[in-house]
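For reference, the structure is listed below as structure tokens.
So you know, we letter chains A, B, ... as the sequences are listed, proteins then strands, and number each from 1.
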2 protein chains.
Amino acid sequence: MHNRCMIDPRLITLRVFGRCGTIGATAELTGYSPSAVSAQLRELQRVLGMQLLTKDGRGVRLTATGRFLVAGSDPLIAQWESLRAAAMAAGDQVQSHFGLGGFSSAAAQLLAPLAATLRSTHPLLEVQVLEADPARCFDLLIAERIDLAVIVAMQSDSYGEDDPRFEQRVLLDDPLDVIIPGDHPLASRETATLEELASEPWITEAAGSTYHSLFTAAFTAVGVTPRIAHEAVEWETHIAFVGAGLGVGLLPRLAPLHGAENVVRLRITGRTRPTRRIVAAVRRGSIASPLIQESLNILQVNANRILTERLEEEDL
Amino acid sequence: MHNRCMIDPRLITLRVFGRCGTIGATAELTGYSPSAVSAQLRELQRVLGMQLLTKDGRGVRLTATGRFLVAGSDPLIAQWESLRAAAMAAGDQVQSHFGLGGFSSAAAQLLAPLAATLRSTHPLLEVQVLEADPARCFDLLIAERIDLAVIVAMQSDSYGEDDPRFEQRVLLDDPLDVIIPGDHPLASRETATLEELASEPWITEAAGSTYHSLFTAAFTAVGVTPRIAHEAVEWETHIAFVGAGLGVGLLPRLAPLHGAENVVRLRITGRTRPTRRIVAAVRRGSIASPLIQESLNILQVNANRILTERLEEEDL
DNA sequence: ATCGATCATGCACCTATTGTGCATGGTTAT
DNA sequence: ATAACCATGCACAATAGGTGCATGATCGAT
């Protein structure tokens, strides 16, 4: 649990606190107890001779100095990651621990094979996979719990493409299919357009969730406002709802149907073909690390394999 | 003893090892025991998954990866120092520990007043002064045992003016006087030239010492080769030798005669007036720190005071 | 060759840093 | 007013990290 190193772990903790703003959340994210986080930050202030935190209501918040330190530590972390990566590459060596993070369908389709491959090619490397949603993946990267995350890119998120803390690389654009009940008028079709389905009752995630913004973006692009009938979190649930005839929904191509009863998957055609962009994210500077490079290659190969399999599928 | 922070202390230890090449010397310099240094470096290799050391005869030496890491850590350290300095300045705060280093006459004339001033202006700052020769001062800076050093600049040394690990600032040029026995024919003079004293038996430090290079440089500048009769380490000893009539010697203006018997101090005039340049050195990046800035100002004020007192003296 | 010096390292042991779990006190929302 | 939440202090436990000494390996000098 304590594989952080080189940069004082208490500074890492401070950075995490800088993100989530409360001791409790910091503890949850870092894997420490709240008392430990509190003690760490107190000790950090003592050793640096800086006041970093102030009481604020029932919580605490960063002082100006604290915010300054958090922001200024970005290049420091990046520099270290970069140095480590270069040293690894120069010495043709590989670290002993490697943390991966990703959301469910990516974890199943991309992360699992990656972990398996790494496990066989580097027998004495302990690979750890954490399933987490994209936002949490970024937090886990900051907390140095994981070293590489596979996530869906989100424009609406607080982590921009050019965040100084991360480097990102597109792996694949995963199209969204539409799933409809088997007894739906369009069920015998192969493809459909969003316009054709505009008046259907839709099943989506709760507002603010990972895919909701993708959902709304897709429909605003075609200029219609879908009627949201039901909300579900897991794809399993989406599928079940559709199977029960409650409505229609979007399902990423990567998410398998598992031969669900009474559910048909249709490709979306027409002007707007919504996709989710799946990217790999690492801490800035670490991208040159041999292990990261190897992982990215494996991911890319898998992503390409998936894409070509789809093409062959379509050729049938 | 363990005020190092933020950058993993084991990396600091590795850097020190990179300089002195042996575990024992590293231990001496860092203040750890040899076992501790050995264990630290072993642990560092484990946690980084890199092989940094190799057996070499009865000792160990850095691998290519190790050297790479040591060299590459320079900017990392500088970046941290810079960040800390900026945060300190931004928050108008001051660290809790401050280490000073310097050689004897600088320690007496410049460092002691500095420490006294800091002690009074920052009552809860613990100031530590280490007397050490210039080369060791640089090592102590690397080892993070001290934060600021007052040293004589040496062109022949392995630490150049532009070393990426340090920043240096000239405090004052301290002229070298000549000291001769009271019964010497020139004893009644106020000044002398090096040429006039070329044939005297000279007292100097051992070859390779801090001042020996200064000594030879002065005489090569005037084109004569002095006869070195005796060697002494401490100025006290130099003075005693001269007082005993064993020869003549050079003595920095900053080093006091303490009313020694039978010794006269003469200013050196003529084409070549040897001086030793006294500079302050800090770890790169830390120069913006408020405490460092304040210290440098105090040092500069003291240096200027010394210079003006000399001018007034000469006016008499 | 032999002996002594020099180095690094392993081991037993000790210390103090740093973690957890629980209780407490202050602060906000219902 | 009461409940929920948040940070923190304290007793206690684990463990990282230190010292000192003994050991083994290598080199230089006699």
Take B:Thr30 and B:Gln40, measure what side chain to side chain contact (heavy atoms under 4.5 Å, CB included) needs, and give me the verdict at the end.
-> CA-CA 12 Å; B:Thr30 53; B:Gln40 277 190 18; over 6 Å; no
Which salt bridge (charged side-chain N to carboxylate O under 4.0 Å, His left out) pairs, counting each pair once, include a residue from residues 31-52 of chain B, with sequence neighbours left out?
-> B:Glu43-B:Arg46
B:Lys55 NZ to C:dA8 C1', straight-line distance once rounded to whole Å | 8 Å
When you check the phosphate oxygens OP1 and OP2 of D:dG9, does a side-chain N or O of A:Arg42 lie under 4.0 Å from one of them?
-> yes
Counting N and O atoms only, with roles assigned by atom type, does the side chain of B:Thr63 sit under 3.5 Å from a partner on the main chain of B:Gln51, one being a donor and the other an acceptor?
-> yes
Under 3.5 Å, is there a donor-acceptor pair between the side chain of A:Glu167 and the main chain of A:Val282?
-> no
Helix axis bend for the helix from C:dA1-D:dT30 to C:dT30-D:dA1 - C1'-based end axes, five pairs, 10° rounding | 30°
For the side chain of B:Ile23, starting at C-beta, report the closest nucleotide among C:dG19, C:dA8, C:dG10.
-> C:dA8
Do any side-chain nitrogens or oxygens of A:Tyr32 fall under 4.0 Å of OP1 or OP2 in C:dG19?
-> yes
The side chain of B:Pro34 lies closest to which of these nucleotides: C:dT9, C:dG19, D:dT8?
-> C:dT9
Is the backbone of A:Ile287 close enough, under 3.5 Å, to the side chain of A:Gln293 for a donor and an acceptor to pair up by distance?
-> yes
What residues, two or more places apart in sequence or in another chain, satisfy side chain to side chain donor-acceptor pair (under 3.5 Å) together with A:Glu28?
-> A:Arg136
Indicate yes or no for a side-chain donor-acceptor contact from A:Arg84 to the backbone of A:Ser286 under 3.5 Å, with no hydrogens or angles considered.
-> no
When you match B:Phe17 and A:Ala39 each to their closest nucleotide on DNA chain C, which lands nearer the 5' end?
-> B:Phe17
Options D:dG18, C:dA8, C:dT9, nucleotide nearest the side-chain atoms of B:Thr22 = C:dA8
When every nucleotide of nucleotides 21-30 of chain D is labelled 5' to 3' by its protein contacts under 4.0 Å (heavy atoms), B for base, S for sugar-phosphate only, - for none, what sequence of letters results?
-> B----BB---
Would you say the side-chain atoms of A:Arg67 pair up with the backbone N or O of A:Leu62, donor to acceptor, closer than 3.5 Å?
-> yes
Apply side chain to side chain donor-acceptor pair (under 3.5 Å) to A:His230 and list each qualifying residue two or more places apart in sequence or on a separate chain.
-> none
Whole-Å distance between C:dA8 P and B:Glu28 CD?
-> 13 Å
Take atom CZ of B:Arg10 and atom C1' of C:dT17, then tell me their distance rounded to the nearest Å.
-> 14 Å
Specify the separation, in whole Å, of atom CG of B:Asp8 and atom P of D:dA16.
-> 14 Å
Has B:Gln40 got a side-chain N or O lying under 4.0 Å from the OP1 or OP2 atom of D:dG18?
-> yes
When the distance from CG of B:Leu41 to P of C:dC7 is rounded to whole Å, what number comes out?
-> 16 Å
Return the residues of residues 59-70 of chain B meeting this criterion: a heavy atom under 4.0 Å from some atom of DNA chain D. Order them by number, or give none.
-> none
Rounded to whole angstroms, how far apart are CG on B:Leu44 and C1' on D:dG17?
-> 14 Å
Provide, to the nearest angstrom, the distance between the CD atom belonging to A:Glu43 and the P atom belonging to D:dA16.
-> 18 Å
Drop me the distance from A:Arg15's CZ to A:Arg165's CZ, to the nearest 0.5 angstrom.
-> 6.5 Å
Earlier contact from the 5' end, DNA chain C, for B:Ser38 and A:Val37 | B:Ser38
